[in-house]
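Okay, structure first, notes after.
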Amino acid sequence: MKICLIEYMGKYIYCIYSNGKYYSIASMLGVLEEDLEKNFYSMYGDIIGIVPHEKSEIKPEVIKYGIPIPGMRSVRDFYSFEDHVKNARKNKGLDMIPEWYKFPVFYFSCTPNIYPSGQEIKYPEKSKAFDYEMEVAAVIGSRVQDCHRDCMDSIFGFIMMNDWSLRDIQKEEMKVMLGPAKGKDYATSFGPFLVTRDEILRDSENGKINIEMRGYVNGNLYSSNNLKNIYFSFNSMLERASESVPLLPGDVIGSGTFGTGCLLELGKYPWLKPGDEVKFESPQLGTLINRVV
């Protein structure tokens with residue numbers, strides 16, 4: 001089930017997207033919009049059982065997306081694609097760090113600076129090395145702590161993620177062995193669809209999730225990869241994140257950058273500038289698009 005947040009008649013409502021049409025979830029479940037948002041995560045079973053019908057279809061004149069993650073609490077972003085790490089380090093003249101293979105690592109990002117698909121991203125004043133990062137994120141739907149093989153049961157759904165990065169600032173911060181902080185908290189984009197766990201995992205094998213993604217800058221293909229090529233699985237990331245710490249509904253777990261998924265790794269394109277359009281496409285997750293201004 002593809003869930004989105006759409007502006008309609010002066011307010012944002014949660015919808016199911018199906019065959020090019022949008023259907024009000026609250027209308028189909030017979031609940032108020034505010035009650036749907038309040039109880040969203042506990043209504044997973046009801047939502048995936050919805051059968052869209054004409055009476056609940058909405059037809060906005062202009063599609064304006066919000067971020068379909070009610071009550072976002074935190075964003076943990078991992079570093080789980082081996083080829084991304086190898087290539088990025090190689091471009092900086094560094095060998096692969098052997099400790100990376102011991103366990104998946106992550107940092108906390110900034111939840112106030114979150115942007116939906118279609119919203120413009122202001123070019124950062126203090127950076128001359130503005131980059132995109134092509135990722136997938138899992139949204140936690142039920143409380144979990146110290147999970148092991150059953151970690152995936154806590155996921156509500158998956159969504160595309162762009163972890164905008166200020167590489168020059170990040171480089172300076174990491175010299176002091178702490179961070180990244182201001183190199184990473186400038187902006188993060190999510191959207192347009194939160195695709196429910198059942199739809200995504202039915203196409204996975206041996207823990208490898210099939211989510212294909214392509215990244216474009218100004219219509220030119222720069223990045224292409226599949227979530228199946230991840231080194232640390234989402235189950236491994238959730239196991240690590242939940243050690244002695246509860247993960248709660250609204251927590252977001254980022255995969256880290258796909259191999260070829262950023263300018264730093266590619267090493268052959270200029271940094272982003274005002275006027276550039278960054279677009280991610282996925283057959284499973286839709287199209288996430290933002291323009292730098």
Side-chain angles (χ1 to χ4, degrees), residues 67 75-92 100 104-111 113-117 119 121-124 127-139 158-171 173-174 179-192 211-218 220-227 229-232 234 237 252-273 276-282 285-292:
I67 299 170
V75 177
R76 293 170 172 86
D77 198 9
F78 277 81
Y79 194 39
S80 294
F81 282 87
E82 182 185 25
D83 47 355
H84 164 67
V85 181
K86 280 185 174 180
N87 293 335
R89 291 182 66 83
K90 181 180 179 181
N91 286 343
K92 293 185 287 187
W100 182 84
V105 296
F106 66 90
Y107 69 92
F108 281 93
S109 191
C110 184
T111 54
N113 284 13
I114 303 295
Y115 298 90
S117 182
Q119 187 162 340
I121 307 295
K122 184 180 178 182
Y123 186 82
S127 175
K128 301 300 180 184
F130 196 32
D131 201 356
Y132 69 87
E133 291 197 81
M134 187 174 76
E135 307 190 24
V136 166
V139 178
F158 295 84
I159 192 168
M160 277 194 289
M161 173 178 174
N162 187 346
D163 175 30
W164 304 88
S165 299
L166 284 57
R167 297 301 191 185
D168 44 359
I169 294 175
Q170 178 186 358
K171 179 180 179 181
E173 288 178 326
M174 297 306 289
K182 301 310 295 181
K184 288 287 190 176
D185 73 354
Y186 183 75
T188 308
S189 297
F190 291 103
I211 296 180
E212 180 184 351
M213 288 184 65
R214 296 177 297 276
Y216 300 82
V217 176
N218 300 326
N220 299 307
L221 179 64
Y222 280 20
S223 305
S224 180
N225 211 324
N226 194 299
L227 189 61
N229 297 320
I230 201 167
Y231 184 89
F232 290 108
F234 261 103
M237 288 185 274
V252 177
I253 307 295
S255 65
T257 308
F258 281 49
T260 78
C262 66
L263 299 174
L264 173 67
E265 179 187 343
L266 294 168
K268 59 182 180 180
Y269 299 113
W271 300 116
L272 297 174
K273 62 185 184 303
D276 285 344
E277 178 187 84
V278 178
K279 178 174 67 175
F280 298 164
E281 288 184 343
S282 169
L285 301 179
T287 301
L288 172 63
I289 185 168
N290 299 98
R291 183 179 295 276
V292 180

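Values below: every heavy atom of this structure, side chains too, minus hydrogens, waters and symmetry copies.
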[Y] and [X], any side-chain heavy atoms less than 4.5 Å apart:
X: F234; Y: L227; answer: yes
X: I230; Y: M237; answer: yes
X: F280; Y: S189; answer: no
X: C110; Y: K184; answer: no
X: N226; Y: F258; answer: no
X: L263; Y: Y222; answer: yes
X: N290; Y: V278; answer: no
X: W271; Y: D168; answer: no

Closest approach of [X] to [Y] (non-hydrogen atoms, all atoms of both residues):
X: F158; Y: A138; result: CE2-CB, 3.9 Å
X: L288; Y: G191; result: CB-O, 3.4 Å
X: E135; Y: G256; result: OE1-N, 3.0 Å
X: Y231; Y: E82; result: CD1-OE1, 3.9 Å
X: S117; Y: P192; result: CB-CB, 4.2 Å

Mutual orientation of the aromatic rings belonging to F130 and Y123 [parallel < 30°, tilted 30-60°, perpendicular > 60°]:
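Taking Y123 first and then F130, their aromatic rings stand perpendicular (interplane angle over 60°).
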
Flag the pair E281 and K279 as a salt bridge only when some basic side-chain nitrogen lies within less than 4.0 angstrom of an acidic carboxylate oxygen.
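Looking at K279 together with E281, the answer is yes, because their closest N to O distance falls below 4.0 Å.
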
Between S109 and D77, is any side-chain donor less than 3.5 angstrom from a side-chain acceptor?
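D77 and S109 do not have a side-chain donor-acceptor pair below 3.5 Å.
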
Is it the case that the side chains of Y186 and S127 hold a donor-acceptor pair, with the cut-off being a distance below 3.5 Å and no angle test?
no

Please enumerate all residues that pass salt bridge (Lys or Arg N to Asp or Glu O under 4.0 Å) together with K182, with sequence neighbours excluded.
D185

Before you tell me yes or no, could you show the steps for D131 and Q170 under side-chain contact (heavy atoms from CB on, under 4.5 Å), namely the whole-Å CA-CA distance, both residues' side-chain angles and the distance that decides it to 0.1 Å?
CA-CA 11 Å; D131 201 356; Q170 178 186 358; over 6 Å; no

Can the ring centres of W164 and Y115 be said to be less than 6.0 Å apart?
no

As a test of understanding, state which of F81, F78, F232 forms a ring-ring contact (aromatic ring centres under 6.0 Å, His included) with W100.
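For W100, the ring-ring contact (aromatic ring centres under 6.0 Å, His included) test succeeds with only one of F81, F78, F232, which is F232.
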
Once side-chain hydrogen bond (donor to acceptor under 3.5 Å, both in side chains) is applied, what residue pairs with a partner in residues 255-267 remain, sequence neighbours excluded?
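Qualifying pairs, neighbours excluded: H84-E265, N87-E265, E133-T257.
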
